[in-house]
Structures are given as C-alpha cells and as structure tokens.
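Take a look at the structure set out below.
The structure presented is a predicted model; accordingly, all values stated were derived computationally and were not measured.
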Amino acid sequence: MRKQFQNRLEHFTSLKSKYQATKYNDSSPASLLYLILRKVDLGIELSDLEFNWLGESELKETLEAIKQEQQHRFQEFGNLEFEFSKLKSKYKATKYNISWQSSRLYLIFLKLESGNLLTDSEVKWLISNGLHDTNQIAQEVKRFTHLKSKYKATQYQDSYPDSKLYQILKKLEVTQTLSNSEYNWLINNQLLETAEIFKQQESVEEAKFAELRNKYQANTHSELSLSSPLYLILQNIDAKNNLSESEINWLEQQGLSETIAIAQELEQTREFAALKAKYKATEYQDSTPKSHLYKILKRLELSNQLGEQDINFLKKRKLTGIIEIANEKYASTLKYKIDLGELLNESEIEWLKNNRREDIILLAQQKHFTALKTKYDVLDYQDKSHTSLLYTILQKIELKERLEPTEFAWLQETKIKVPQATYSYYRWQKEPQYEGAKLFSGKILIAYHTIEANFYEQEFQRTDNKWNLANASSHWRKAYEPKQALQLTNNLEFDKIKENKLKSALLTSRGGAFRDIEKLDKAENCARQAIEHQPKSHHPYTLMGAICFERHQYSDGEYWFQEAIKRGANPRDMDSEIKRVVKNAKDENKRREVIEYLLKKDSQRYSWAKSYLKKL
C-alpha cells in the first residue's frame, strides 16, 4: 500500500509540472486537482464544475495548459480522420463508412503503407466485409514486397502497386528487357543491385537470342536488340507455338524465308504426330511432313473420305485402322446430311452399298419418304416402308417425272384416313373420327397435272401438234392455273385450224378457263363457238350447263346438261359440275338458293347437298 501511495504521489507531482500547477500546495493523491489532471491526461473531457474549480483555485496557467492540450488533441484527431479518409480512397475502400477509431481497417492500411504483409485473418476480414478491391491491392502489395526482396530492392520505401519500381520488377520476373529510362531510374534511385541483376539477365537473354538466331537460321537479321520482334518470334518457334499470319508476314518482309520454312516444317511435324495419334497410326515410323501418310491424313481431316489410291497405300502398310476410322467418319457425315433433310447423291449411295451400310440407306429412304409425305400433305398414309408404291410416285413427282398409267390408277383408287371435323358440347365423350380421303387430291393432284401440262407444252414445241395445246390447257385448269391455260391459246388463229374437232376442243378448254376466273360471258362465247364447230361433242354442252348454273339460271342449265347427256355425257359428270358450283359459291344466299333448288328437284340424287345446308 505504501508503494502504491508513493507511485501516485510521484505521478501527481509529474502532472502538476506538466500542466503548470506546481504552486498548488496540496500534494495528496486524494486531491481534486489530481483527479482533474488525470482526466485531462487521459483525454477525458472536463465538466463545467471542474473548470470553475480551477478558476476559483487561481490556477490560470493550468487552465491555459489544459486548453492547449485539448486543442492539440482535437487537431490530432482531425488529422487522423483526414488521413484515414485518404487511405480509404487510396486502397479503394470508400464504401466503408465506420470511423477510424472503431475500425480494424486503419491498422490494415498502416501495415500496407509500410509494406508489411497481412495475416490470414486480416485477409478474411477484408473479404467478409466486401472489401474485395482492397484485398486485391493487398495481394499486389504482397507480390511487390516479394519481388523487392527477390531483386534486392527492399530499401525502396513505397510499396503501393502503382510504383514504377513494381512495373520494372514485374518485367524482370518474366525476363523482359528494360528500356533505357527504366534502367536509368534504377540507377538514380540507388537500386544498383537490382540494376546489376537486370544486366545479368540481359546478358543471358542476349546469349539465348544468339543461340536462337543460329538455330533457326536468322543470323542475317541485323537488329540484335532484345526488343526486336525477331526475338519474340524465335521464342515462339522454340516453345513449339504456331506462328500467326502477322509473324509470318514480318519474317517475309525481313527476307527470313529459311526461318519460315523451319517453323512451318516444325508445325507440320507436330500436326502429323497429332494426326497419327488421332487415327491410331503411331506405329508408323516416318514422322516427316514429306510422308505420303501425312498428306492422306490431312485430306481425311478435310473430306472424311479416302480415295482408292489412299486405301491401297494404307492396306499395303497394314494401316487398316485408319480406313475403319475414315469410313466411320464418312458414314457419320452422311447421317448428319440425312438429318439435315438433304438427299444422298448416287456416289454416296454407291459407297454405302459397297461398305455394307444399308442401314444408312434405309434411314435416308425413310427420312426422305416422311419429308415427301409432309410436303405433299399425305402424312396420314400409314405405310412407312421405302418399298411403298407411294414413295416411288412421290419421288417421280418431286423430280417432275410423268407417272405410269398403273401408278396414276393406284393414286385414284387409294384412300387415306384423315381426322373428321366433329363438333360436340361434351368433347371428351367422343373418340376422334376419321373419314376416307382420296390420295389423288390436294398437292399431289396439282403436282401431277402441272407435270402433265408441262409435258404437253413441250410436246407442242417439238411437234407443233395443237392437240397437245388442248391437253396442256386441260391439265393447267385441273392444276388450278386457268391463266396458264388461257395464255396457251391467247394468240391462236382459230381460222387457220382446219380440224373442227380440234377447234371445238381448244375453244371448250379456253371457255372452261374463262369460267374458272369468273368471266362467264367470254366462257359462253367460247362454248357456243365450240358447239358450232362440233355439234355432236358433249363437252361444250356440259360447259354451257355449268355456266348457266353459275348464273343461277337453273332451268337453262338443266337443258344444256340434258343435251350433253344426249351426246354421250355421263350424268355423274353433270353432278360433279353442279357440286363445283355449290362448293365455289361465294354468296351464302346464292348457295342456299341452288341447294334448295336441287333438293326440291331430286332430294335423293342431290342428297350430298344436305351437308352444305347443315354448314349454312
């Protein structure tokens, strides 16, 4: 206790001297003055009562000393806050808003400023507080410190990564040559050992450059500086890297053709080795790019197919594994072509046959058949086999080839099941219903008649037989191309045609085309002329009947149809013409009118009209 009292007494005496209160007589540690001076020394703010007590005790000098101390402390606090703000900006931590007094960050900044390394816990603290940029700078500081130690530059104080020294040391680390200004900077900053290390490195690099120039026959190049593009190019070649186009161009400009040749030979040798590994031919001894095997493998990379001479070369050298790989690659290429919807050509199919890959041929046929069925709207046709007659027919149509009579007959006779449109309040109660549809309809019908029309046009050009025009015109109409039919006969001089039957046929076909485009007056004119030239033919009479029904002149139409029947027309053909009128009617009232007329006349014969009445 006595020792403690003695220590307090000595401390009180020291504080009285520091704060100019020696004239105060009471030296007991229990004195109020001792408490006040201790608070000031610890930086604790005094109360008004304490300031008043000092004034009453006539300790003016002490009061003045205390005020100066507090002012100094305040100024120092401001300096520390300003310094902390600058450091936050420097180390990219401005988003961190805690005061320097309560933050671990200030200590981290001071360590970085002095070039000291952070502990693992400090690095984790930066990351956990989202200070990734600060941590990145800290890692750069760490690397900088390591390089300063390695290249004997520890006396240099600045450790921030934007230092010029850091850029120089990074160059030294990758043995990159320094510029004259960088070397002089080292000398001017008394970093003589670092400069000496650079000189040693440069000497080694110069020797290496000389060795590379000799190795790759580039000694004719006059520039020996390590900053020459040639040094980097030769290093690339030596590192087994392929030269870029710009590097080859530079070598050509310098006249270093031998260097280019060596580099390219090395590239080809590496490529050859890689190709031998890829195609399982590593046992083949010759590794020079001049080898014929190299040429074969290069071609194989480009085309996936071997020529006959290449196959013989490989067989003689027992390199059958390459043939197998090549064949599999080519087969995969053909499969991919099929998947894209492309057709195989004859040579490709022949190759597949020779290599017993009928599976791919079958796949191609199935894919092609499906594509054709989709194109011609007959995907509902059930038979998917490539042996189907429909596949043969569709291939012919696709190639614009004429069908055989048996094929045409088969199309007319065959039907496919297609979904039937049904309407029900409770849709889930009914299974989907199907109805038969003619195969010879839609796009197939149009394509067939288009092919026939073109055939007869060509026959007319070849023979000048105008019956071919009549046939072509008829087929164009059936292909829903009445304007094409009219174009064929636009410039015909009917007066010069001697055969009345031919005149009648041409005029009937032309009149039918006019009817198709709803020019009924011109259609009637052609029909009447056709009757004049061939009164016994039923065709123009049928046309007249159809024209009358189009005009809703039903009794007149019946008259002309009866005249056609008298001359050999099939009554079913008349019904077909009437069906066409009903189907193509644009005015719903007119359609109702003709339907009601037909049902009233013969409800049994024209029962098919009831379905149109239901739709109405």
Side-chain angles (χ1 to χ4, degrees), residues 167-168 170-183 198-314 316-317 319 322 325-326 329:
Q167 310 311 316
I168 291 173
K170 285 194 290 185
K171 279 189 170 185
L172 291 180
E173 183 69 1
V174 294
T175 62
Q176 187 176 343
T177 188
L178 300 183
S179 64
N180 289 333
S181 64
E182 289 170 329
Y183 177 76
F198 162 66
K199 282 297 183 183
Q200 291 172 2
Q201 278 190 355
E202 191 172 44
S203 177
V204 171
E205 291 298 311
E206 286 172 349
K208 184 179 177 182
F209 188 17
E211 180 185 345
L212 291 174
R213 289 199 310 273
N214 185 57
K215 182 177 180 179
Y216 296 108
Q217 298 184 24
N219 283 319
T220 56
H221 190 63
S222 58
E223 187 180 351
L224 304 180
S225 169
L226 294 175
S227 60
S228 168
L230 178 61
Y231 187 33
L232 282 175
I233 292 173
L234 295 181
Q235 284 178 307
N236 267 340
I237 297 173
D238 207 50
K240 299 180 180 180
N241 296 324
N242 294 343
L243 295 184
S244 66
E245 188 176 349
S246 61
E247 288 174 326
I248 293 172
N249 291 338
W250 188 89
L251 290 171
E252 286 177 345
Q253 291 168 5
Q254 309 304 314
L256 296 171
S257 56
E258 292 179 338
T259 306
I260 295 172
I262 293 171
Q264 290 178 337
E265 185 175 355
L266 289 172
E267 286 179 21
Q268 291 168 350
T269 302
R270 290 192 295 272
E271 184 184 27
F272 188 17
L275 289 173
K276 285 202 294 183
K278 180 177 180 179
Y279 290 98
K280 299 178 182 179
T282 50
E283 72 276 10
Y284 192 72
Q285 296 300 315
D286 189 353
S287 296
T288 63
K290 295 178 181 179
S291 167
H292 185 62
L293 178 61
Y294 176 53
K295 296 175 183 177
I296 291 175
L297 297 181
K298 284 273 287 183
R299 285 199 297 271
L300 188 54
E301 279 290 282
L302 296 173
S303 67
N304 292 336
Q305 189 177 16
L306 294 173
E308 188 175 348
Q309 290 182 343
D310 295 337
I311 292 173
N312 292 335
F313 174 89
L314 294 170
K316 285 180 181 178
R317 287 153 184 81
L319 295 171
I322 296 176
I325 295 172
K329 279 187 70 178

### Message
In the structure I gave you, are the side-chain heavy atoms of Glu267 and Leu243 within less than 4.5 Å of one another anywhere?
### Response
yes
#### Entry: Non-hydrogen atoms of Phe272 and Leu297 that approach each other most closely
CE1-CD1, 4.1 Å
## Note on the structure
Scanning both residues in full, the closest heavy-atom pair of Leu172 with Gln201 reads O-NE2, 3.0 Å
### Query
Can you find a heavy atom in the side chain of Tyr279 that is under 4.5 Å from one in the side chain of Leu293?
no
### Query
Got a second to check how far His221's NE2 is from Tyr231's OH, nearest 0.5 Å?
14.0 Å
### Residue pair Phe313, Gln309: steps toward the side-chain contact (heavy atoms from CB on, under 4.5 Å) verdict
CA-CA 6 Å; Phe313 174 89; Gln309 290 182 343; over 6 Å; no
### Query
Can you tell me how far the CG atom of Leu266 sits from the OH atom of Tyr216, to the nearest 0.5 Å?
6.0 Å
### Query
Are there more than 12 heavy atoms of other residues, nucleotides or ligands under 6.0 Å from atom NZ of Lys298?
no
### Query
Where is the tightest heavy-atom contact between Glu252 and Ile260, given as atom of each residue plus distance?
CG-CD1, 3.4 Å
### Task
Quick one: pull up CG in Leu232 and CG in Leu212 and give me the separation to the nearest 0.5 Å.
11.0 Å
### Task
Measure from NZ or CZ of Lys171 to the centre of the six-membered ring of Phe198 and say whether it is under 6.0 Å with the direction within 45° of the ring axis.
no
### Task
Give the intermediate values and the outcome of side-chain contact (heavy atoms from CB on, under 4.5 Å) for residues Leu230 and Gln254.
CA-CA 10 Å; Leu230 178 61; Gln254 309 304 314; over 6 Å; no
### Message
Can you confirm whether Lys170 is buried at NZ, in the sense that more than 12 heavy atoms of other residues, nucleotides or ligands lie under 6.0 Å from that atom?
### Response
yes
#### Entry: Side chain Thr282, main chain Lys276, donor-acceptor under 3.5 Å
no
### Query
Taking all non-hydrogen atoms of both residues, which atom of Ile168 and which atom of Glu182 are closest, and how far apart?
CD1-O, 3.8 Å
### Query
So, the side chain of Gln285 versus the backbone of Glu283: is there a donor-acceptor pair under 3.5 Å, distance only?
yes
### Query
Between Asn249 and Glu245, is there a donor-acceptor pair closer than 3.5 Å when you use the side chain of the first and the backbone of the second?
yes
### Query
Are His292 and Ile296 side-chain neighbours, meaning at least one heavy-atom pair lies under 4.5 Å?
yes
### Query
Any Lys/Arg nitrogen of Lys199 or Glu202 sitting under 4.0 Å from an Asp/Glu carboxylate oxygen of the other?
yes
### Query
Is Ile262 close to Lys215 at the side-chain level, that is, under 4.5 Å between some pair of heavy atoms?
no
### Query
Closest heavy-atom contact between Leu256 and Ala218?
CD2-CA, 4.0 Å
### Message
Just verifying a value: how many Å separate Leu234 CG and Asn214 CG, rounded to the nearest 0.5 Å?
### Response
11.0 Å
### Query
Under 3.5 Å, side chain of Thr269 to main-chain N/O of Glu265, donor-acceptor pair present?
yes
### Separation of Leu319 CG from Ile311 CD1 (nearest 0.5 Å)
13.0 Å
### Task
Is it possible for you to check whether Lys290 lies under 6.0 Å from the centre of the six-membered ring of Tyr294, through NZ or CZ, and within 45° of that ring's axis?
no
### From Asn242 atom CG to Gln268 atom CD, the distance as rounded to the nearest 0.5 Å
10.0 Å
### Task
Check step by step if side-chain contact (heavy atoms from CB on, under 4.5 Å) holds for Arg299 and Asp310.
CA-CA 10 Å; Arg299 285 199 297 271; Asp310 295 337; 2.7 Å; yes
### Task
With the side chain counted from C-beta on, respond yes when Leu275 and Leu300 share a heavy-atom pair under 4.5 Å apart, and no when they do not.
no
### Task
Grab the two heavy atoms, one from Ile248 and one from Gln264, that are nearest each other, plus how far apart they are.
CD1-NE2, 4.3 Å
### Task
Output, in order, the C-alpha distance, side-chain angles, deciding distance and verdict of side-chain contact (heavy atoms from CB on, under 4.5 Å) for Lys208 and Gln235.
CA-CA 9 Å; Lys208 184 179 177 182; Gln235 284 178 307; 4.0 Å; yes
